[in-house]
Amino acid sequence: MTLDDVRKRFPGSTTAARLRPPKIRGDHDLNPGFGPPQGLREASVLVPLVERAEGATVLFTLRTASLTAHAGQISFPGGRREAEDRSPEDTALRETEEEIGLSRDRIEILGQLDTYVTRTGFRVTPVVGLVRPPFTLDPDPTEVDEVFEVPLSFILDPANPQRHSRTFMGTERYFYAFPYQQRYIWGATAGMLVNLRDVLREMS
């Protein structure tokens, strides 16, 4: 699938809601009985699809081990909404600039995925954007250890998402995971990737 294909199948944030009913995704998808927590804080992430000659890729960050939340995990650039942010898209673009130095003028916003609720108390809006090379990155060393890309074809292959489990507070909790080479993409990020794959399938 090329990024032109993705662009055609993603109608944009203003019309996507008319084509697909809104849905709240989260840990409860694979764990019935674990409903979304109360008092959720608003956040956004950018799901960056990079236009490469050899095929589209998805850009990820590896969070530093010193962070208080989700330390050492693979994620999308993003964070909590600030008062000056005008929209979820604005939050995602601002956070992306702050975290990895990717200028918003290199990003074409396509639309939104389903809202994703985390067990840590965030209601996350995933914003899908096309990133046009060439671009330069300047990761914030206090937040990001590494920035890397994974082929979109790997994410869309139905054989690759897996269901794993861990014991959390005495209860077995299930989650999605995408093991890729030496990487382990799991949790909310993997759940959003499953949503991306579902959206592209529905619109194909």
Side-chain angles (χ1 to χ4, degrees), residues 3 6-7 10 12-14 16 25-27 37 39-52 56-152 155 178 180 183-193 195-196 199:
L3 290 186
V6 175
R7 187 183 285 106
F10 236 110
S13 58
T14 58
R25 301 198 180 212
D27 292 349
L40 294 171
R41 293 162 288 177
E42 299 294 331
S44 294
V45 298
L46 182 72
V47 182
L49 307 181
V50 184
E51 193 170 5
R52 298 293 186 190
T57 66
V58 185
L59 184 147
F60 298 93
T61 66
L62 176 63
R63 296 168 62 85
T64 61
S66 59
L67 291 173
T68 56
H70 308 290
Q73 293 184 16
I74 292 171
S75 66
F76 296 120
R80 69 179 64 193
R81 184 172 187 175
E82 302 292 347
E84 66 271 18
D85 294 336
R86 295 164 295 181
S87 64
E89 289 80 1
D90 198 35
T91 301
L93 292 172
R94 175 185 56 77
E95 286 283 344
T96 297
E97 286 185 306
E98 293 175 359
E99 286 186 17
I100 63 175
L102 177 58
S103 175
R104 64 177 65 201
D105 64 9
R106 307 306 302 169
I107 303 170
E108 175 192 346
I109 297 298
L110 295 185
Q112 300 176 2
L113 299 176
D114 292 327
T115 300
Y116 195 97
V117 173
T118 71
R119 66 173 180 79
T120 51
F122 286 97
R123 179 172 27 231
V124 182
T125 301
V127 177
V128 181
L130 301 187
V131 182
R132 300 184 304 277
F135 55 83
T136 58
L137 301 178
D138 184 22
D140 181 347
T142 66
E143 294 190 52
V144 178
D145 266 346
E146 186 181 357
V147 180
F148 65 95
E149 299 174 28
V150 174
L152 179 61
I155 302 300
F178 285 80
Y180 176 73
R183 316 283 187 182
Y184 187 69
I185 306 168
W186 68 287
T189 303
M192 294 176 203
L193 289 174
N195 185 193
L196 175 65
V199 167

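Only a predicted model underlies this, so the values are computations on that prediction, with no experimental measurement involved. Count residues from 1 along the sequence.
Taken to the nearest 0.5 Å, the CZ atom of Arg81 stands 14.0 Å off from the CZ atom of Phe122. Here the CD-OG1 distance, from Glu143 to Thr61, works out to 9.0 Å after rounding to the nearest 0.5 Å. Here Thr57 contributes atom OG1 and Phe148 contributes atom CZ; the two are 11.0 Å apart, rounded to the nearest 0.5 Å. Atom CG of Leu93 and atom CZ of Arg106 lie 13.5 Å apart (nearest 0.5 Å). Atoms CD and CG, on Glu89 and Leu110 in that order, are 11.0 Å from each other to the nearest 0.5 Å. For the atom pair CZ (Arg52) and CD (Glu149), the distance works out to 4.0 Å, reported to the nearest 0.5 Å.
In this structure, Glu51 does not pair ionically with Arg7, as no charged nitrogen and carboxylate oxygen lie closer than 4.0 Å. Ion pair Asp90/Arg104 flagged as a salt bridge, since at least one NZ, NE, NH1 or NH2 atom sits closer than 4.0 Å to an Asp/Glu carboxylate oxygen.
Residues Pro133 and Val50 have side chains in contact (heavy-atom distance under 4.5 Å, counting atoms from C-beta outward). Side-chain atoms of Trp186 and Gln73, non-hydrogen and from C-beta on, do get closer than 4.5 Å to each other. In this structure the side chain of Ser103 reaches within 4.5 angstrom of the side chain of Glu97, judged on heavy atoms.
With sequence neighbours left out, the salt bridge (Lys or Arg N to Asp or Glu O under 4.0 Å) criterion links Glu82 to no other residue.
The two residues Tyr116 and Gly191 make their nearest non-hydrogen contact at CE1-CA, 4.0 Å. For Pro48 against Leu46, the heavy-atom pair with the smallest separation is CD-O, 3.0 Å. Shown here for Ile74 and Thr189, the closest heavy-atom pair between the two residues is O-OG1, 3.2 Å. What you find for Thr115 and Arg123 is that their closest heavy atoms are CG2-CG, 3.1 Å. Residues Ile100 and Pro77 approach most closely at CD1-CG, 4.3 Å, considering heavy atoms. The two residues Met192 and Leu113 come nearest to each other via the heavy atoms O-CD1, 3.6 Å.
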> Please walk me through it: do Phe178 and Val150 pass side chain to side chain contact (heavy atoms under 4.5 Å, CB included)?
Replying inline: CA-CA 11 Å; Phe178 285 80; Val150 174; over 6 Å; no
>> Please determine whether side chain to side chain contact (heavy atoms under 4.5 Å, CB included) holds for the pair Val6 and Leu152, giving the CA-CA distance in whole Å, both sets of side-chain angles, and the decisive distance to 0.1 Å.
In response: CA-CA 11 Å; Val6 175; Leu152 179 61; 4.1 Å; yes
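With hydrogens and angles ignored, the 3.5 Å screen pairs no side-chain donor or acceptor of Thr125 with any backbone N or O of Ser44. Glu95 places no side-chain N or O within donor-acceptor distance of the main-chain N or O of Val45, the cut-off being under 3.5 Å.
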